[in-house]
Amino acid sequence: MTAHAAEYRIESNQPIAGLLWPAKGSQVYSVSDRELAITLAAKCFTRPASDIRVVHVPTGEIVFTKPAAVRQDWTEDA
């Protein structure tokens, strides 16, 4: 494996968006740095709301999950 191999995959069931997201409209993006992957996932969002996960590719371990954001005005309790 080379030093530039993508070891972390950011993924969601919905297209991911955000100012820092480099692959507009994509549901998957791969990077080689764990901190970068987690930072990107934390700063991004999906519409409709869906979890965003960071997966360590060699092991398949989910190392970070950003839960789907639930807006208070979308719930019946509001």
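Throughout, numbering of the chain's residues begins at 1 and tracks the sequence. Computation of the quantities below employed the complete heavy-atom set of this structure, encompassing side-chain atoms and omitting hydrogens, waters and symmetry-equivalent molecules.
- Across G18 and C44, no two heavy atoms sit closer than the pair CA-SG, 4.4 Å.
- You'll find the side chain of P22 reaches within 4.5 Å of the side chain of Y29, heavy atoms only.
- I38 contributes atom CD1, which lies 7.5 Å from atom OH of Y8 (distance to the nearest 0.5 angstrom).
- Taking all atoms of both residues into account, the shortest heavy-atom contact from A37 to I10 is O-CD1, 3.6 Å.
- Considering all non-hydrogen atoms of both residues, K66 and A41 come closest at CD-O, 3.4 Å.
- Residues H56 and E7 form a side-chain contact, since some pair of their non-hydrogen atoms from C-beta on lies under 4.5 Å apart.
- Of the inter-residue distances, the one linking R34 atom CZ with T39 atom OG1 reads 11.5 Å to the nearest 0.5 angstrom.
- To the nearest 0.5 Å, atom CG of residue L40 and atom CD of residue E35 are 12.0 Å apart.
- When the options T65, I62, V28, V63 are evaluated for a side chain to side chain contact (heavy atoms under 4.5 Å, CB included) with V55, the one that passes is I62.
- The shortest heavy-atom contact between A69 and A49 is O-CB, 3.2 Å.
- Remark: side-chain polar atoms of S12 are not paired, donor with acceptor, to backbone N or O of I16 under 3.5 angstrom.
- The hydrophobic cluster containing L36 also contains W21, counting ILVMFWY residues as joined when their side-chain heavy atoms lie under 4.5 angstrom apart, directly or transitively.
- Taking each heavy atom of Q27 and N13 in turn, the nearest pair found is NE2-O, 2.6 Å.
- Between S50 and T46, the shortest heavy-atom distance links the atoms N-OG1, 2.7 Å.
- Applying the salt bridge (charged side-chain N to carboxylate O under 4.0 Å, His left out) rule to R9 yields the partners E11; only residues at least two apart in sequence or on another chain are considered.
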